[in-house]
Protein chains: 2
Amino acid sequence: MKKQKIDTMKELSVAIGVSRPTLSRYFQDPQSVRRSTAARIQRELEKIEYVPNFFATRMNRKTTGLIGVIIPYLNDLFFTKLLQAIEIAAMDAGFTVIMQCSHFDPDIEARAAQTFMSMSVDGALVVPLGNQSDLKTYERLQERLPFVLVDSRPTTMPNVDFVGSDHWQSTGLITEYLCRVGPPPIFLAMPRVNFNAMEREHAYIECMERLGHEPEVVGTELIEDFWYFEEHGEAVMNAAFARGQYIDRSVLCVNDRVAIGALRAASRHGLVPGRGAKGGLRIAGHDDYPLCPFTAPSLTTVAQNVDAIGKAAVSRLVQKMRGGFAPGQPEIQLFDGALKLRESA
Amino acid sequence: MKKQKIDTMKELSVAIGVSRPTLSRYFQDPQSVRRSTAARIQRELEKIEYVPNFFATRMNRKTTGLIGVIIPYLNDLFFTKLLQAIEIAAMDAGFTVIMQCSHFDPDIEARAAQTFMSMSVDGALVVPLGNQSDLKTYERLQERLPFVLVDSRPTTMPNVDFVGSDHWQSTGLITEYLCRVGPPPIFLAMPRVNFNAMEREHAYIECMERLGHEPEVVGTELIEDFWYFEEHGEAVMNAAFARGQYIDRSVLCVNDRVAIGALRAASRHGLVPGRGAKGGLRIAGHDDYPLCPFTAPSLTTVAQNVDAIGKAAVSRLVQKMRGGFAPGQPEIQLFDGALKLRESA
DNA sequence: CCAGAAACTTTACACGGGGAAAATATAAGG
DNA sequence: CCTTATATTTTCCCCGTGTAAAGTTTCTGG
């Protein structure tokens with residue numbers, strides 16, 4: 001038997017035999033109508049196919065139940081993990097996530113922000129693009145909406161709520177570890193277009209100096225297509241290894257994708273980085289990319305607490321939404337990283 | 001100087017000095033008003049901050065300019081590449097993508113479909129979940145919207161538009177290649193919960209028989225958490241290598257993530273798969289996962305033409321939307337895979 | 001059986017725009 | 001300069017739902 005299809009609440013109300021406002025209340029909260037009425041509505045609804053118009057409902061409610069999320073791009077499993085954590089947390093809190101990718105393009109990012117405002121989202125989470133991103137975009141969001149920055153923190157916006165990792169802690173952790181078990185590490189960095197990358201680089205330098213070692217950073221030359229992290233890591237280390245450089249050093253990579261490139265370079269030169277080796281090459285990363293256990297050798301790294309970050313970001317955002325969006329003190333939440341010892345260092 | 005902020009078109013119309021409907025037309029197509037008027041509006045708009053309400057516009061237009069995309073999950077770079085291709089194609093065609101992840105949960109998938117219908121999206125692209133997914137969901141979408149299945153094709157829905165890879169071609173390609181350069185391959189499969197995986201398995205068997213070899217499939221035992229493809233590949237091959245099995249065979253993996261696990265297992269057993277070796281182990285995958293060039297050894301595989309698939313899916317969907325959504329003949333578009341010869345086979 | 005409360009219905013308006021027809025301004029033709 | 005055709009703009013009503021206020025019914029307890 002085919003379900004009858006009905007498009008508007010008005011038709012539905014005559015079909016069921018209750019008034020339209022009652023239906024409206026039922027959909028917003030079934031508890032708010034008499035039990036017998038709720039039961040009857042529910043019973044009839046089984047026989048009829050009806051979905052309230054998304055736009056009409058959102059247009060009138062004070063609150064849309066929507067959270068906007070801007071992510072730079074999705075071709076990175078770290079971001080997808082983060083997004084998943086956010087999405088699940090939002091779903092649990094009863095919100096719907098509208099995700100927009102900026103694809104490295106500040107214009108698209110700005111458009112996404114506009115879209116969010118025109119959708120009256122209840123709040124926005126933004127993972128900034130990097131240096132190039134349009135800070136004005138964030139400022140406008142910040143003015144108009146409950147707004148939290150996630151994962152990456154523009155140095156120019158210290159007064160905005162932020163949830164991310166404590167890269168000083170995490171980078172310090174692995175730097176210290178590397179210093180403890182082998183020669184003090186060099187730091188395989190990235191072109192300086194990314195706040196986290198820069199923060200890790202600084203953290204490395206600070207930690208090395210604190211331990212009385214000479215910091216050494218490589219791989220910051222700006223190249224085209226710098227966002228192919230693996231290629232970057234491979235290219236830099238390939239060149240170094242070809243010169244016989246660093247072949248018995250520890251190499252701390254700015255992130256796991258770069259480290260995967262470095263591992264590849266090592267393998268090309270017949271080098272097997274490993275924690276076992278007394279004085280040999282070691283390679284370590286940062287992030288605990290899902291593939292780390294499967295590289296050869298498996299990659300020692302620091303895990304970011306992605307789930308906690310996603311959850312905390314949503315939770316802080318919800319708190320701001322409820323709190324009537326008072327300026328107040330910005331809240332900065334930094335989560336510790338955890339060492340993941342594997343074979344490579 | 002702060003821009004004046006205005007919320008509704010009505011206020012804007014008095015601020016600018018044209019009627020509201022004229023503004024409406026201007027926003028839909030600036031060409032549709034007199035040049036001088038358009039210029040004036042544009043000039044005023046620079047001084048005023050105004051964004052049309054997303055919901056109000058969508059609610060009234062015949063067409064929402066929205067395309068709904070359902071993806072099973074994002075923790076797989078293949079899907080993210082596909083999504084990106086779709087998103088870019090949609091953007092070029094002037095549509096906005098609303099993406100929803102089903103997170104392996106048929107209920108969420110059904111909710112996503114509902115959402116799309118309640119948003120009156122102009123069309124929907126769905127990457128099916130696998131066997132477990134609720135086919136009813138697809139049928140309902142199919143009835144009500146221009147609808148195209150992408151990447152994975154439920155055997156029970158042969159009469160729906162579909163865009164994906166020709167796995168018989170692609171799997172045949174690499175199977176033949178492997179047969180040509182070394183011992184006939186075994187097939188490292190997956191638990192049979194995924195249409196593509198099954199199709200590749202069948203294609204492998206058919207190809208082997210055609211070439212007069214005995215097909216041999218391993219790894220189909222149903223395990224928990226089967227979606228951790230790498231772990232699955234590693235576990236199966238680990239067990240085999242421990243028994244001394246397959247150490248000088250070719251291993252064709254159902255996809256690259258499984259292959260990465262297999263590579264890992266090989267490395268644990270001191271095996272170095274490679275095309276160079278005369279009679280040794282070879283490992284090949286399928287999909288051209290972005291990390292293939294960086295594994296050690298780099299992974300030989302078959303690339304799916306993801307960009308073309310994404311573009312074609314959007315293009316077909318747009319065609320159906322314009323065509324007034326006539327049932328007509330379903331169109332099945334299959335793209336060829338391309339061999340990517342690297343070191344591992 | 002009745003008063004009062006609770007639940008519900010009716011009515012009316014709001015939301016922020018789209019779209020068709022009517023009205024006006026502009027251009028073309030004589 | 002006037003008429004007519006055409007390009008623009010305005011007037012008016014519509015979309016599908018939320019929400020408040022006022023009126024009506026049903027339930028509760030005595």
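Please read these numbers as outputs of a predicted model, since none were measured by experiment.
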*If only atom types and distance count, is the side chain of B/Lys311 paired as donor or acceptor with the main-chain N or O of B/Ala85 below 3.5 Å?*
no

_A/Asn196: partners by side-chain contact (heavy atoms from CB on, under 4.5 Å), with sequence neighbours left out_ = A/Asp151, A/Ser152, A/His167, A/Asn194, A/Arg200

_A side-chain contact here means heavy atoms from C-beta on lying under 4.5 Å apart; do A/Pro146 and A/Asp122 qualify?_
no

*Does any residue of residues 19-26 of chain B have a heavy atom under 4.0 Å from DNA chain C, and if so, which ones, in number order?*
B/Arg20, B/Pro21, B/Ser24

_Strand-adjacent residues in residues 32-41 of chain B, judged by heavy atoms under 4.0 Å from DNA chain C_ = B/Arg34

*Say whether, by atom type as modelled, one donor and one acceptor occur between the side chain of A/Asn60 and the main chain of A/Ala56 under 3.5 angstrom.*
yes

*Salt bridge A/Lys136-A/Glu139, side-chain N to carboxylate O under 4.0 Å*: no

*Side chains of B/Asp161 and B/Phe147 in contact at under 4.5 Å (non-hydrogen atoms)*: no

Tell me which donor-acceptor pairs under 3.5 Å the side chains of residues 87-101 of chain A have, and how far apart each pair is, sequence neighbours excluded?
from    : atom 1 : to       : atom 2 : distance (Å)
A/Glu87 : OE1    : B/His103 : NE2    : 2.6

*Mind calculating the distance between CD1 (A/Ile6) and C1' (D/dG16) to the nearest angstrom?*
14 Å

With a 3.5 Å cut-off and sequence neighbours excluded, list the donor-acceptor pairs that the side chains of residues 11-23 of chain A form with protein atoms.
from    : atom 1 : to      : atom 2 : distance (Å)
A/Ser13 : OG     : A/Lys10 : O      : 2.6
A/Ser19 : OG     : A/Thr22 : N      : 3.4
A/Ser19 : OG     : A/Thr22 : OG1    : 2.8

*When you measure from every atom of DNA chain D, which of residues 50-64 of chain A have a heavy atom less than 4.0 Å away?*
A/Tyr50, A/Pro52, A/Asn53, A/Ala56, A/Thr57, A/Met59, A/Asn60, A/Arg61, A/Lys62

*End-to-end axis angle, where each axis spans five pairs of the helix from C/dC1-D/dG30 to C/dG30-D/dC1, to 10°*: 10°

*Got a donor-acceptor contact below 3.5 angstrom from the B/Thr37 side chain to the B/Val33 backbone?*
no

*Using the test side-chain contact (heavy atoms from CB on, under 4.5 Å), find all partners of B/Leu77 that sit at least two apart in sequence or belong to another chain.*
A/Leu77, A/Tyr289, B/Thr80, B/Tyr289, B/Pro290

*Please list, in 5' to 3' order, the outermost nucleotides of DNA chain C lying under 4.0 Å from any heavy atom of chain B.*
C/dG16 to C/dT26

*Give a yes-or-no answer on whether the side chains of A/Gln42 and A/Glu44 include a donor-acceptor pair shorter than 3.5 Å.*
no

*asked:* Given the ring of A/Phe195, does A/Arg153 sit roughly above its face, with NZ or CZ under 6.0 Å from the centre of the six-membered ring and within 45° of the axis?
replied: no

*asked:* Considering only residues two or more places apart or on different chains, which pairs with a residue in residues 23-47 of chain A satisfy ring-ring contact (aromatic ring centres under 6.0 Å, His included)?
replied: A/Phe27-A/Tyr50

*B/Glu143 bridged to B/Arg140 by N-O distance under 4.0 Å*: no

*Measure from the side-chain N and O atoms of A/Ser118 to the backbone N and O of B/Val51, and report whether any donor-acceptor pair falls under 3.5 Å.*
no

*Tell me whether the guanidinium CZ or amine NZ of A/Arg58 lies under 6.0 angstrom from the six-membered ring centre of A/Phe54 and within 45° of its axis.*
yes

Could you list the donor-acceptor pairs under 3.5 angstrom formed by side chains in residues 66-74 of chain B, with sequence neighbours left out?
none

_What residues from residues 8-16 of chain A pass a heavy-atom cutoff of under 4.0 Å to DNA chain D?_
A/Thr8, A/Met9

